[in-house]
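We use all heavy atoms of the structure for the numbers below, so side chains are in, but hydrogens, waters and symmetry mates are not. Numbering starts at 1 and runs along the sequence shown.
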Amino acid sequence: MKYILKNIRSFARDYTKIFVLLIITIAASTLIIHLSYGMFREYSDRRELSRSAVNEIVFRLKSSYEKKNADTEDGQLQTVGDLESQTYVKQDELQDVTVADIKKFARKADQEVLGKLLNIHTGILEGEYRFETDFLIDHGSIVNSSEYGPDSLYNYEIAYETQNIFQYGRYFTDQEYASGDKVCIMHGVQKKAEGEYLKKNMTDDGKVLIGDQEYEIIGLQDGIGTGFIPITSVGEDDVLLDEIDLRFKDNISLREINLLIRTAKQCFGDRVDCNYDLQQTEEDDYLYNTILMLVLIVSLVAAFNFCALYHYIVTTRQRTLTIFRICGLNYRRSIAMYLGECSVLSVGTYLITLFVFRFVLMPFLAARWNVFDFHFQTRVYLILFLIYFVSSFILQFVMIHWNLKKKMIR
C-alpha cells in the first residue's frame with residue numbers, strides 16, 4: 001500500500017492534467033449513476049402514485065366516541081337539516097386526538113410538504129354534536145382554507161354525488177380564522193335557518209349556542225345535518241372525530257408521504273391509522289431490474305472512460321515500469337500494483353463524491369425542484385457502489401493484464 005500511495009503522488013505531480021481529468025471522470029460517473037438511479041426511481045414512484053390517484057391522505061382516528069345509531073348503511077342519506085343526526089356518545093376510555101394535537105402536528109410536520117396542501121378536513125365534538133371544519137397550515141400555524149373552503153360547500157359529496165349545498169351568506173374570512181372568532185355556517189334553506197338543533201339553541205339575538213359558547217351565524221347550507229366552525233374558535237382540549245383528511249393540489253412523492261406519516265405517529269401516537277398503502281405490482285420488479293441495468297450500463301461506460309485514461313497512464317510510465325522490473329517486480333505484482341492504484345483512486349474519489357452528492361448537491365437541488373427529492377437506504381448505496389466497483393475492476397484488470405503482458409514480452 002505504501003508504494004501504491006507513493007506512485008499515486010508521483011503520478012499526480014508528474015501528470016497533473018491527466019490526474020485531474022481522471023478524478024473528474026470518476027466523480028462525474030458517480031454523480032450520473034446516483035442521479036440516473038434516483039430520477040428513474042422517482043419517476044416510477046410518481047407514476048405509481050398517479051395510477052393510484054394518491055393526492056389525499058386520511059388519518060383514521062381511534063376515538064372513545066361513536067356516532068349514535070352508527071349502524072346506518074354506507075351511502076344511505078342521513079336526516080337532512082338537523083344536527084340531531086350528528087350526535088356522538090362516549091363508548092370507551094381511549095385517549096382522543098384533540099385540537100392541541102393537530103396544532104403540534106402543524107408545528108412539527110415538514111413545512112414544504114404542507115405548502116402543497118389544498119385543504120385539511122376533520123370533525124370536532126362540541127357537546128355531543130359533530131361540527132365540520134376546514135383549514136390549512138402555514139409556517140406552523142393553523143390558518144383559513146379560504147380558497148378551498150367555499151368550494152368545499154359549493155361542491156359537497158352527498159350519496160356519491162357532488163352537489164351545491166351553500167345557500168346564503170358568506171364563508172369565513174382569514175381574519176376571523178386568525179382571531180378565533182365565534183362564527184359558524186349552519187343549516188338553512190332560502191335565507192331561513194332550519195332544524196331541531198337551531199330551534200333548541202338559537203338565542204334571542206340570532207346567535208346559536210355551540211357547546212357553551214355563542215356563535216354568530218354568517219352563512220347557511222343545506223347539507224346532511226352539519227354545521228361548519230373554525231377550528232381556531234374552539235378549545236385545545238376539544239376532541240377531533242373520525243378522521244383527519246389531508247388533500248393535496250397534486251400527487252406527492254413517497255418521501256413526502258412518509259414524512260407526514262412519521263410526524264403523525266410522533267404527534268398522535270397509536271391513536272391514528274393511515275389509509276395509504278402503495279400497491280406492489282409485477283411491474284415494480286421489472287422497473288427495478290431496468291434501473292439496475294441502467295446503472296450497470298452507466299458504470300460500464302464510466303469504467304471504459306477510466307480504462308482509456310489509465311491506458312494512457314500505463315503507456316507513459318514505461319520508464320517507471322522498466323525500473324521496477326530491474327528491481328525484481330514480476331508480472332503478477334505489476335498487475336497488483338496497477339490494480340491497487342486504480343482501486344484507491346476510484347474508491348476514494350467515489351466515496352468523496354458520494355458524500356458531496358448526499359449532503360451538498362441533493363439538498364440544493366431538492367430545495368428548487370422536487371423531482372430531485374429522493375434519498376436512498378444504505379443498502380441501495382452499497383448496491384450501486386458494488387455495481388460500479390466490480391464492473392470497473394473487471395475492465396481495469398483486463399486492460400492492465402493486456403498492457404503489461406505486451407510490455408513484459410517486449
> Any side-chain heavy atom of Met362 sitting closer than 4.5 Å to one from His34?
Replying inline: no
>> Please evaluate residues Phe268 and Ile244 with respect to the criterion side-chain contact (heavy atoms from CB on, under 4.5 Å), reporting the C-alpha separation (whole Å), side-chain torsions for both, the decisive distance (0.1 Å), and the verdict.
In response: CA-CA 11 Å; Phe268 308 136; Ile244 302 172; 4.0 Å; yes
>> Which heavy atom of Leu198 sits nearest to which heavy atom of His187, and what is that distance?
In response: CD1-O, 3.4 Å
> Does the distance from a Lys or Arg side-chain N to an Asp or Glu carboxylate O, for Glu216 and Lys207, drop under 4.0 Å?
Replying inline: no
> Any donor and acceptor pair, going by atom type alone, linking the side chain of Lys265 with main-chain N or O of Val272 inside 3.5 Å?
Replying inline: yes
> If you look at every heavy atom in Leu354 and Thr30, which pair is closest and at what distance?
Replying inline: N-CG2, 4.3 Å
>> Any heavy-atom pair between the side chains of Cys274 and Ile57 that's under 4.5 Å?
In response: yes
> What are the two closest non-hydrogen atoms of Asp134 and Tyr171, and how far apart are they?
Replying inline: CB-OH, 3.7 Å
> Hey, does Leu114 have a side-chain heavy atom less than 4.5 Å from the side chain of Leu260?
Replying inline: yes
> Is it true that Glu147 and Lys249 have a side-chain N and a carboxylate O under 4.0 angstrom from each other?
Replying inline: no
> Closest approach of Phe105 and Cys267, non-hydrogen atoms and distance?
Replying inline: CA-SG, 3.5 Å
> So how far is it from Glu128 CD to Thr87 OG1, rounded to the nearest 0.5 Å?
Replying inline: 6.0 Å
> Is there side-chain contact between Ile257 and Ile252, with at least one heavy-atom pair below 4.5 Å?
Replying inline: yes
> Judged by modelled atom types alone, do Asn144 and Ser146 share a side-chain donor-acceptor pair under 3.5 Å?
Replying inline: no
>> We want to know whether Asp92 and Ser64 form a side-chain donor-acceptor pair, criterion being a heavy-atom distance below 3.5 angstrom.
In response: no
>> To the closest 0.5 Å, what do you measure between CD (Glu256) and CG (Asp110)?
In response: 7.5 Å
>> Assess the residue pair Ile210 and Tyr129 against the criterion (side-chain contact (heavy atoms from CB on, under 4.5 Å)); give the C-alpha distance rounded to whole Å, side-chain angles, the decisive distance to 0.1 Å, and a yes or no.
In response: CA-CA 9 Å; Ile210 295 177; Tyr129 300 98; over 6 Å; no
>> Would you say that more than 12 heavy atoms from the other residues, nucleotides or ligands in this model lie under 6.0 Å from the OH of Tyr168, or not?
In response: no
>> Counting C-beta onward and ignoring hydrogens, is there a side-chain heavy-atom pair between Phe172 and Phe228 closer than 4.5 Å?
In response: yes
> Does a side chain donor of either Lys182 or Ser233 reach within less than 3.5 Å of an acceptor in the other side chain?
Replying inline: no
> Which residue, Leu117, Ile120, Asn119, forms the side-chain contact (heavy atoms from CB on, under 4.5 Å) with Ser145?
Replying inline: Asn119
>> I'd like to know whether Ile102 forms a side-chain contact (heavy atoms from CB on, under 4.5 Å) with Thr122, so could you lay out the CA-CA distance, the side-chain angles of the two residues, the decisive distance to 0.1 Å, and finally the verdict.
In response: CA-CA 10 Å; Ile102 200 68; Thr122 189; over 6 Å; no
> Quick one: CG on Leu246 to CG on Asn55, what's the gap to the nearest 0.5 Å?
Replying inline: 11.5 Å
> Between Thr98 and Asp237, is any side-chain donor less than 3.5 angstrom from a side-chain acceptor?
Replying inline: no
>> Ignoring hydrogens and geometry beyond distance, is a side-chain donor-acceptor pair present between Asp242 and Tyr88 at under 3.5 Å?
In response: yes
> Quick check: does any side chain N or O of Ser346 sit under 3.5 Å from a backbone N or O of Ser343, one acting as donor and the other as acceptor?
Replying inline: yes
> With Gln167, which residues qualify under side-chain contact (heavy atoms from CB on, under 4.5 Å), at least two apart?
Replying inline: Val189, Leu220, Asp222
>> Does Ile23 form a side-chain contact (heavy atoms from CB on, under 4.5 Å) with Leu345? I'd like the steps, not just the answer.
In response: CA-CA 8 Å; Ile23 298 299; Leu345 282 172; 4.2 Å; yes
>> How long is the straight-line distance from CG of Asp96 back to NZ of Lys62, given to the nearest 0.5 Å?
In response: 13.0 Å
>> As a quick check of understanding, evaluate side-chain hydrogen bond (donor to acceptor under 3.5 Å, both in side chains) for His121 and Glu132, giving each step before the final call.
In response: CA-CA 7 Å; His121 180 87; Glu132 311 294 326; 2.7 Å; yes
> To the nearest 0.5 Å, how far apart are CG in Asp238 and CG in Leu125?
Replying inline: 8.0 Å
> Can you find a heavy atom in the side chain of Ile142 that is under 4.5 Å from one in the side chain of Lys103?
Replying inline: yes
> Nearest 0.5 Å, what's the CD1-CD1 distance between Ile387 and Ile33?
Replying inline: 8.5 Å
>> Going by the rule side-chain hydrogen bond (donor to acceptor under 3.5 Å, both in side chains), which residues pair with Tyr177 if we only count those two or more places apart in sequence or in a different chain?
In response: Thr133
>> I'd like to check the side-chain hydrogen bond (donor to acceptor under 3.5 Å, both in side chains) partners of Arg271; sequence neighbours left out, ordered by chain and number.
In response: Asp101
>> Between the side chains of Asp250 and Lys116, is the shortest nitrogen-to-carboxylate-oxygen separation below 4.0 Å, so that they form an ion pair?
In response: no
> Hey, are the side chains of Ile185 and Ile218 touching, using non-hydrogen atoms and a 4.5 Å cut-off?
Replying inline: yes
> Which of these passes ring-ring contact (aromatic ring centres under 6.0 Å, His included) with Tyr350: Tyr381, Phe385, Phe355, Phe357?
Replying inline: Phe385
>> Quick one, Tyr197 and Val208 - any side-chain contact, counting heavy atoms below 4.5 Å?
In response: yes
